[in-house]
Amino acid sequence: MVTLDKEVPVEEVRQVVSNVFVEDEGKVAYTSVIALGTASDKTVRISTNWKIKSNNPEVDDQAEDILYNTLKGAGLVSQENIEMFKNPDERQGGSIIESSKVGPTMAKTITRGAIISVILALIAIFLYILLRFRNVAFSVGSIVALAFDALIVIGFYSLLHHIVPWSLEVDQTFIGAILTVIGYSINDKVVVFDRIRENIGLYGKRDRKTLFNDSLNQTLARTINTSVTTLVVLLTIFFLGGDSIRSFSFAMILGVVFGTLSSIFIAAPTAYLTMSKKDRKESPAEETKLAK
């Protein structure tokens with residue numbers, strides 16, 4: 001966290017420091033700048049993944065030296081030397097208020113925390129669906145579809161890491177994005193399952209495959225309309241919201257698109273296939289029709 005000598009737009013600070021942290025192989029490390037507070041634009045949080053895997057204690061000092069020289073050269077700080085810049089009590093002229101490093105061990109801890117959070121969320125949703133619908137088939141269908149949604153987001157993050165110009169780091173924002181995707185996606189699946197349960201109560205003797213298909217068709221318009229409306233908002237945030245929220249909105253866009261697809265093509269079909277033969281047996285009229 002750095003306080004500057006004067007109030008400047010965060011975009012200007014981001015432009016100044018975006019290409020200054022260069023790896024040994026010549027690759028530019030990703031650097032993010034986020035404005036903190038609303039009363040002043042003088043305090044920003046600057047983070048970078050420059051030499052994040054290194055355990056060399058001198059890396060922190062090197063990063064602070066680069067940051068000081070860059071901000072000093074751009075006229076954003078006016079401290080006379082690096083020692084005053086590193087002193088949090090010398091805020092007049094700009095200084096580092098707080099600094100921390102996420103090393104390899106901490107990165108593994110965050111990754112493990114993300115995995116545990118997702119697993120616990122899936123278990124809780126499995127139990128919730130089981131209690132609500134009283135049928136394990138709906139729980140299995142939900143979990144398979146939600147696991148697909150989460151893996152899709154993780155896969156895109158891994159595939160596009162260091163390719164797209166915004167951060168795709170595994171951090172608290174990533175964990176929050178995955179859990180939000182799961183929460184949004186399960187809402188759509190519950191709507192579909194509610195319609196299936198309702199139709200089972202109304203048309204108990206109807207062929208289950210036909211009933212599932214009719215239920216999906218009845219909720220299809222609602223599902224698409226809700227997803228499209230949500231996508232309009234997310235795309236607006238993605239393009240106009242700035243770099244600080246772009247990673248989150250990108251994950252949500254993926255979650256909405258593939259969550260909608262999984263509700264239609266994975267959750268309900270999996271629930272049908274998981275049902276016992278007794279639950280999805282053909283009605284007597286349908287069996288007679290098929291025999292003829």
Within the 4.5 Å heavy-atom criterion, are Ile186 and Ile129 side-chain neighbours or not? yes
By side-chain hydrogen bond (donor to acceptor under 3.5 Å, both in side chains), which residues pair with Thr48, not counting sequence neighbours? Thr31
Any salt bridge between Lys86 and Asp60, counting N to O under 4.0 Å? no
Below 30° counts as parallel, above 60° as perpendicular, anything between as tilted: where do the rings of Phe238 and Phe250 land? tilted
Pairs in or reaching into residues 250-260: which pass salt bridge (Lys or Arg N to Asp or Glu O under 4.0 Å), with residues at least two apart or in two chains? none
Could you tell me which non-hydrogen atom of Val77 sits nearest to which non-hydrogen atom of Gly94, and how far apart they are? CG1-CA, 4.1 Å
Can you sort out the partners of Phe174 under ring-ring contact (aromatic ring centres under 6.0 Å, His included), two or more places apart, ordered by chain and number? Tyr157
Going through the checks in order, is the side chain to side chain contact (heavy atoms under 4.5 Å, CB included) test met by Asp149 and Leu146? CA-CA 5 Å; Asp149 299 337; Leu146 292 177; 4.0 Å; yes
Indicate the atoms forming the closest heavy-atom contact of Asp188 with Gly259, along with that distance. OD2-O, 4.5 Å
Applied to residues 263-275, the salt bridge (Lys or Arg N to Asp or Glu O under 4.0 Å) test, sequence neighbours excluded, yields none
Is any side-chain heavy atom of Ile237 less than 4.5 Å from a side-chain heavy atom of Arg246? no
Quick one, Leu122 and Phe126 - any side-chain contact, counting heavy atoms below 4.5 Å? no
Exercise: identify the closest heavy-atom pair between Ala271 and Ala137: O-CB, 3.3 Å
Has Ser185 got a side-chain atom pairing as donor or acceptor with Ile182's backbone, closer than 3.5 angstrom? no
Heavy-atom check, side chain of Phe148 versus side chain of Phe265, under 4.5 Å: no
Quick one: hydrophobic cluster around Leu120, which other residues, with the 4.5 Å side-chain cut-off, linked directly or via members? Ile116
Looking only at heavy atoms, the pair that brings Ala251 and Val181 closest together is O-CG2, 3.5 Å
Taking the side chain as C-beta and beyond, is there a heavy-atom pair between Ser227 and Val257 under 4.5 Å? no
Derivation of the side chain to side chain donor-acceptor pair (under 3.5 Å) call for Lys189 and Ser263: CA-CA 5 Å; Lys189 291 160 180 59; Ser263 298; 3.0 Å; yes
State whether the side chain of Asn87 and the backbone N or O of Glu83 hold a donor-acceptor pair below 3.5 Å, judged by distance alone. no
Any donor-acceptor N/O pair, Gln79 side chain to Gln92 backbone, under 3.5 Å: yes
Are Phe85 and Val2 close enough that some pair of their side-chain heavy atoms sits under 4.5 Å apart? yes
Please check: side-chain N/O of Asn69 versus main-chain N/O of Asp65, any donor-acceptor pairing under 3.5 Å? yes
Name the atoms and distances for all side-chain donor-acceptor pairs under 3.5 Å in residues 191-203, with sequence neighbours left out.
| unit_1 | atom_1 | unit_2 | atom_2 | d |
| --- | --- | --- | --- | --- |
| Asp194 | OD1 | Arg197 | NH2 | 2.9 |
| Asp194 | OD2 | Arg132 | NH2 | 2.7 |
| Arg195 | NH1 | Gln218 | OE1 | 3.1 |
| Arg197 | NH1 | Arg132 | O | 2.8 |
| Asn199 | ND2 | Arg195 | O | 3.4 |
| Asn199 | ND2 | Ser215 | OG | 2.8 |
| Asn199 | ND2 | Gln218 | OE1 | 3.2 |

Would you say the side-chain atoms of Arg14 pair up with the backbone N or O of Val33, donor to acceptor, closer than 3.5 Å? yes
